[in-house]
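Below: the structure, in structure tokens.
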Amino acid sequence: MIAIAHELLEAAVRRMPEDALTPARKAALAHFATSGFPTVSDEDWKYTNLRHAVELSNTWLGNDIVASPESNLTAAAEEAVKAITESIDAYWIVVANGIATVDTMPGANDLRSNGVSITKLSQNGDVAAIIANDPMTSFNAALLQDGLRVRVQPSANPSKPLAFLFVDEATQGDLSQARLIIDVDAGATIDIIEAHVSVGSDPQFANTVIQLRVADGARVGFVRIQERADSHMQVGKLIADLRRDAYFDYASFDFGGSLIRNDVAVNIMEPGASVNLNGLYLASGKQHIDNHTRIDHRVGPSQSREEYRGILGGRSRCVFNGKAIVHKGADGTDAEQSNHNLLLSETAEIDTKPELEIYAEDVKCAHGATVGQLDNSALFYLRSRGLDRDAAVQLLTRAFAARILAAAPIAETHAYIAQKTDQRLDALIHGDSQ
Amino acid sequence: MNMLEINNLKTTVGDAEILKGLSLKVNAGEVHAIMGPNGSGKSTLALVIAGHDDYVVTDGTVQYDGQDLLELTPEERARTGVFLGFQYPVEIPGVNNAYLLKAAINAKRRHEGRSEVDAFEFLQLAREKMKDLDMDPSFLNRGVNEGFSGGEKKRNEILQMVMLEPRLAILDETDSGLDIDALKAVAKGINAMRSPDRAIIVITHYQRLLDYVEPDFVHVLSEGRIVRSGDKTLAQQLEDKGYDWVREAASA
């Protein structure tokens, strides 16, 4: 079993400049030392093997190039940034190879005057907020150069969504760690976009963590758009803590990447909170896309709704694991989750596991999963009306995805997501070998 | 030349032989009714003509306008003017009814070398035809047959037919499960399609529809063959004497 070379990691952490994050890095390193990277013998990582990420990490750690304070993007990466930032109208904050250049951020003043402040984690001082309680969040914190601290004040009223673009390129850093800590104050309303693009054909591994705290009565719309390059890996984790009557409306779209693992962990900590998690993953070639979600209903009443859908072609492999835990005493919990998959090829594989753990008495819970192929009778019906096979398949797969597209918050993203969905479906149907 | 000429057609689905040497000639301008008991092969005939690949043709020929129909894909058949009104129209949630209708019309127009239909004209025509069929225009914006009642689905099939203006329309038990108002609306739609250069094949279990759509010919299908053909009076005889009468006649 290949593992992270600990002495290299330790040396890399030591080489990083002494700053406000140093204690957090050291604590995270100590935590990581007890576990190392997860392996397939961990139940939560049974289907997702990080071997290549470990190999790449060891090479990178041995290369002695850890701290690169500047993160100038190549022309190719700039193009990738433009492609999305010019398509979706938002306040874009670019996190390049793990580094956010918040000083030169366009619209920063505009945001500030609308009640949204963004500072570097190192300047904020509150390093205790950095969560490093599992292998990947610890690895992230141990190597974190800096992160962003976002505060959305109660009066916040930005006219556009707040959008973070994580852009990575293999030539700059084969490894990147990025972290956002976002506090949405009581009563505030905000739309947040998390987008991922990357360029380069060499392997790359990004490890991102987003901590989101949604205070009393605050409302957050959240859209994740992942379109990393087809040789790039990413492990991402979103931790969302919801307070009284908080509302969190989330939708996730996976279009790219070679190996993608995205964890969403929602903590319902006070009564009245409500969460929607929706996800769509489109995989072709040899892509591996793993969505893990966990919703902890710690108190009731509270509501969660979750639906993930996947369309798989080629020899792709996807994983869905959705866990809802209704803790003791969380009466009045109302939880529903489902996962539906469409396999377009005989060599595609899905491992799906919706899970419910219920320790409370008065709850309403339902879950289910389906795996199927295209409905032959629907296909024939469309062809009998003159549509050729490809057009009929495109229409049926698009219809399968439509529910998730329709469920996504943040209208500014819809046209872009629809266009990406069509492009990916087209590639999937025509057997594009990614 | 016959528009449709079926000779000694034999088909299997799975291990079972359903059509066992069926022959039928249909000319432009004619309306044919095909009647028969359940399991006699009526729907199989319709689906074979439309090109469903669950049905394997083991023998015989199907000529349409002088070309080998069996060589064509389902979509090619549709574009050359073959239309099947399904017995059980499929619900396709998420696919917009108007979108499908327009895509179908455009597929046919492209095949004919014509330009795509104008969006405004399309809507106007669709609304007009829906009015004739007593259909609410809101059906255009719903998913294909999604949540439609039995009668609404059948009206939707007729709507597709009148919009697509096929040369050969096969209506598979379009009358079954309809109340009298829906039946009249459907019959009106079919009658409006009667034309010297179009043929219509009405497949039905009951004589009821034929009170409203008067056929030129009636055929009785039993155990995969046409066992008796005649004019519209044959339908009345069947209604009076029941299918046992033809079965006995066939085996005699």
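Letters A, B, ... mirror the listed sequences (proteins, then strands); counts begin at 1. Small disclaimer: the values here were computed from a predicted structure and weren't measured.
Residues of residues 10-17 of chain B never come within less than 4.5 angstrom of chain A, heavy atom to heavy atom. Interface residues of residues 124-156 of chain B toward chain A, defined by a heavy-atom distance below 4.5 Å and sorted by number: B/V144, B/N145.
More than 12 heavy atoms of other shown residues, nucleotides or ligands fall within 6.0 angstrom of atom NZ in A/K160. Surrounding CZ of A/R403 are at most 12 heavy atoms belonging to other residues, nucleotides or ligands under 6.0 Å away. Shown here is A/Q373, whose CD atom has no more than 12 heavy atoms of other residues, nucleotides or ligands within 6.0 Å. Crowding of A/E346 atom CD: a count of heavy atoms from other residues, nucleotides or ligands under 6.0 Å not exceeding 12.
A salt bridge links A/D334 to A/R305: at least one charged side-chain nitrogen sits closer than 4.0 Å to a carboxylate oxygen. Look at A/R385 and B/E157 and you find a salt bridge, because one of the NZ, NE, NH1 or NH2 atoms lies within 4.0 Å of a carboxylate O, short of that distance. Comment: A/R224 engages A/D254 in a salt bridge, judged by a side-chain N to carboxylate O separation of less than 4.0 angstrom. Note on A/D422 versus A/R398: salt bridge recorded, some NZ/NE/NH1/NH2 to OD/OE distance being below 4.0 Å.
Of the listed residues (B/L101, B/L100, B/T73), the one with the most heavy-atom contacts under 4.5 Å to chain A is B/L100.
No part of B/Y88 comes within reach of chain A, as not one of its non-hydrogen atoms sits under 4.5 angstrom from that chain. Only the side chain of B/Q160 comes within less than 4.5 Å of a heavy atom in chain A; its backbone stays farther off.
Using bins of under 30°, 30° to 60° and over 60° for the plane-to-plane angle, the ring pair B/F86/A/Y381 lands in the tilted bin.
In this structure, A/G310 and A/F400 approach most closely via the heavy-atom pair O-CE2, 3.4 Å.
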Item to check | Derivation of the side chain to side chain contact (heavy atoms under 4.5 Å, CB included) call for A/F255 and A/I417 | outcome: CA-CA 10 Å; A/F255 299 121; A/I417 293 167; 4.2 Å; yes
